[in-house]
There are 2 protein chains.
Amino acid sequence: MPPTHPLNQEVSLSVIKTACSNCNLRELCLPLGLSLEELERLDDLVSTRRRIKRGDHLYRAGEGFDSIYAIRSGFFKTDVLLEDGRDQVTGFQMAGELLGLDGISTEHHTCNAIALEDSEVCAIPFSRLEVLSREIHTLQHHFHKVMSREIVRDHGVMMLLGTMRAEERLAAFLLNLSQRFTSRGFSHAEFYLRMTREEIGSYLGLKLETVSRAFSKFQEEGHIAVQQKHIRILNVSGLKALMNHQR
Amino acid sequence: MPPTHPLNQEVSLSVIKTACSNCNLRELCLPLGLSLEELERLDDLVSTRRRIKRGDHLYRAGEGFDSIYAIRSGFFKTDVLLEDGRDQVTGFQMAGELLGLDGISTEHHTCNAIALEDSEVCAIPFSRLEVLSREIHTLQHHFHKVMSREIVRDHGVMMLLGTMRAEERLAAFLLNLSQRFTSRGFSHAEFYLRMTREEIGSYLGLKLETVSRAFSKFQEEGHIAVQQKHIRILNVSGLKALMNHQR
DNA sequence: GCGTTGGCTTGATCCATGTCAACCACAGAA
DNA sequence: TTCTGTGGTTGACATGGATCAAGCCAACGC
């Protein structure tokens with residue numbers, strides 16, 4: 001690298017930090033097995049970053065859609081509102097995951113995306129992603145896989161909501177979180193929940209009291225240790241076994 | 001058209017009948033606003049048809065994935081099986097809709113697709129669809145919209161399973177079916193259900209007895225007339241009103 | 001320190017839906 | 001025609017989770 005003026009160097013560093021090619025989430029997010037030249041073109045596409053404060057919306061249902069978002073850091077929930085005021089959390093998203101795929105279909109977002117902690121996302125203009133994915137085949141295929149994975153995930157949630165009882169649902173939820181934290185290099189056994197009991201309940205189709213009781217029961221039975229939002233998983237196979245207590 | 005030998009003519013007719021360009025479902029399915037030349041290329045892609053008998057599988061969970069399927073005629077359900085034997089119907093699909101999108105993610109199907117009546121589908125080899133959609137932009141965009149629509153639809157089902165009570169679920173289900181029949185040119189008010197009460201229940205997260213009771217209640221209240229699988233909707237707004245009876 | 005607030009826990013009670021069981025209706029086979 | 005099987009309906013009863021209500025805990029501002 002040629003010597004640079006200190007200020008220039010700082011600017012160039014910050015640019016590097018923003019780039020996909022240098023992002024430690026690149027395996028979870030869009031790019032995968034690209035050539036250097038292709039990575040550069042991707043960096044160019046994903047150049048806009050946005051910071052979202054805890055509690056703020058990344059987008060709202062009804063707003064026009066033009067970008068999908070890759071979460072660089074932080075934690076989000078998405079929820080859908082019915083006219084009568086009822087709402088349901090449709091998912092929790094963490095670093096390395098994508099947000100906004102629902103907006104492609106109508107060109108309007110169909111749910112709200114809300115940060116559960118201070119977060120940072122990369123905006124990916126969708127029409128430009130389509131252009132680029134025509135040229136980079138692996139990008140195209142990877143994107144199709146990501147969309148398909150979302151459909152499969154939703155089927156899993158439908159299964160959970162349609163056939164599982166309260167404790168099974170919570171066990172499945174905890175195991176899923178644990179697995180996702182693990183694949184991001186965090187502890188699989190110890191983590192902080194970013195969402196309230198009410199949000200968990202909404203996601204699982206339960207009332208917050210039921211969620212709370214299930215947490216207490218799991219603790220009594222020695223499967224987990226709960227202290228507010230701090231969770232330690234003591235017995236993974238115990239939790240897995242719980243998932244077969246069908247009615 | 002040049003004069004042909006009778007046998008040739010018959011062959012040529014059957015080819016025409018198979019083609020996308022001549023399929024009366026073309027607005028619902030993949031192609032949309034394509035040039036003649038583009039339509040021909042699509043016809044070439046979607047050349048394999050398969051007949052599936054009532055009760056037979058189009059594909060099974062775990063099988064390798066290589067094609068998605070456009071339903072040309074008939075009616076399907078998809079379901080997911082848990083190891084412990086529980087299963088859940090994840091959707092009902094009718095003519096003009098696509099099947100198999102879940103398989104893209106892992107290159108294996110993740111659910112079973114079963115014909116609820118004698119049906120006919122067009123197989124669309126996925127890798128060739130990807131090639132063609134790189135070249136035909138409207139095809140690419142339409143396909144992305146279709147996948148996204150599937151995600152939005154699943155969110156709707158999650159909402160239904162997570163926040164609605166039994167009668168609301170069934171009302172939503174009937175209204176959805178009615179709307180889909182309508183958009184295919186069938187009566188919005190009168191149709192035959194292709195699935196059993198048990199399958200409806202599985203889809204809605206209810207037991208078949210609950211579904212049956214809800215049908216009876218709707219009939220008592222004059223919203224519908226039920227005779228086995230034959231349904232007449234007498235009062236659409238009544239059903240819609242039912243959907244706001246939250247707890 | 002103290003009070004306030006939001007989130008969490010726990011208990012008592014209720015009710016929607018599941019469960020179990022009997023019976024009915026239609027379709028297809030004999 | 002009767003027989004048989006599958007799917008549908010209906011009733012009586014059981015129960016998981018919702019609801020209502022009280023109190024607890026930790027964080028934060030004063």
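Per chain, numbering begins at 1; letters A, B, ... match sequence-line order.
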**Message:** Taking the axis from the first five pairs and the axis from the last five, what angle separates them in the helix from C/dG1-D/dC30 to C/dA30-D/dT1, rounded to 10 degrees?
**Reply:** 30°
**Request:** Mind checking salt bridge (Lys or Arg N to Asp or Glu O under 4.0 Å) for A/Arg60 and listing every partner two or more places apart, or none if nothing turns up?
**Result:** none
**Asked** Residues in salt bridge (Lys or Arg N to Asp or Glu O under 4.0 Å) with B/Arg194, at least two apart?
**Response** B/Glu117
To the side chain of [X], which of [options] is closest?
X: B/Leu208; options: D/dT9, C/dT9, D/dG8; result: D/dT9
X: A/Glu209; options: C/dG7, D/dA21, D/dG7; result: D/dA21
X: A/Arg197; options: C/dT9, D/dG8, C/dA21; result: C/dT9

Contacts of [X] that satisfy side chain to side chain contact (heavy atoms under 4.5 Å, CB included) - sequence neighbours left out:
X: B/Ser187; result: B/Ala189, B/Glu190
X: A/Ala214; result: A/Glu167, A/Leu170
X: B/Leu234; result: B/Ala225, B/Arg232
X: A/Arg51; result: A/Glu120

Below 3.5 Å between N/O atoms, which protein atoms pair up with nucleotides 22-27 of chain D? Just atom names and distances, please.
none

**Asked** Base, sugar-phosphate, or nothing for A/Gly201, non-hydrogen atoms under 4.0 angstrom?
**Response** nothing
For atom [atom1] of [X] and atom [atom2] of [N], their distance in whole Å:
X: B/Glu198; N: D/dG8; atom1: CD; atom2: P; result: 9 Å
X: A/Met195; N: C/dC8; atom1: CE; atom2: P; result: 11 Å
X: A/Glu168; N: D/dG16; atom1: CD; atom2: P; result: 12 Å
X: B/Ile231; N: D/dG8; atom1: CD1; atom2: P; result: 10 Å
X: A/Arg169; N: D/dG16; atom1: CZ; atom2: P; result: 14 Å
X: B/His230; N: D/dT9; atom1: NE2; atom2: P; result: 14 Å
X: A/Ile224; N: C/dC8; atom1: CD1; atom2: P; result: 13 Å
X: A/Leu170; N: D/dG16; atom1: CG; atom2: P; result: 17 Å

**Prompt:** Listed in order of residue number, which residues of residues 212-219 of chain A have a non-hydrogen atom at under 4.0 Å from DNA chain C?
**Reply:** A/Ser212, A/Arg213, A/Ser216
**Message:** Whether the side chain of A/Asn112 engages the backbone of A/Thr78 through a donor-acceptor N/O pair (distance < 3.5 Å, no angle test) should be reported.
**Reply:** no
**Request:** Give a yes or no on whether the backbone of B/Gly62 and the side-chain of B/His108 come within a donor-acceptor separation of less than 3.5 Å.
**Result:** yes
All ring pair (Phe, Tyr, Trp, His ring centres under 6.0 Å) counterparts of [X], not counting sequence neighbours:
X: A/His155; answer: none
X: B/Phe215; answer: none
X: B/His230; answer: B/Tyr192

**Fill in**
Between A/Phe92 and the options A/Phe76, A/Phe181, A/Tyr203, the ring-ring contact (aromatic ring centres under 6.0 Å, His included) test singles out A/Tyr203
**Asked** Can you find a side chain N or O atom of B/Thr210 that sits less than 4.0 Å from OP1 or OP2 on C/dG18?
**Response** yes
**Message:** So, OP1 or OP2 of C/dT19: does either fall under 4.0 Å of a side-chain N or O from B/Lys207?
**Reply:** yes
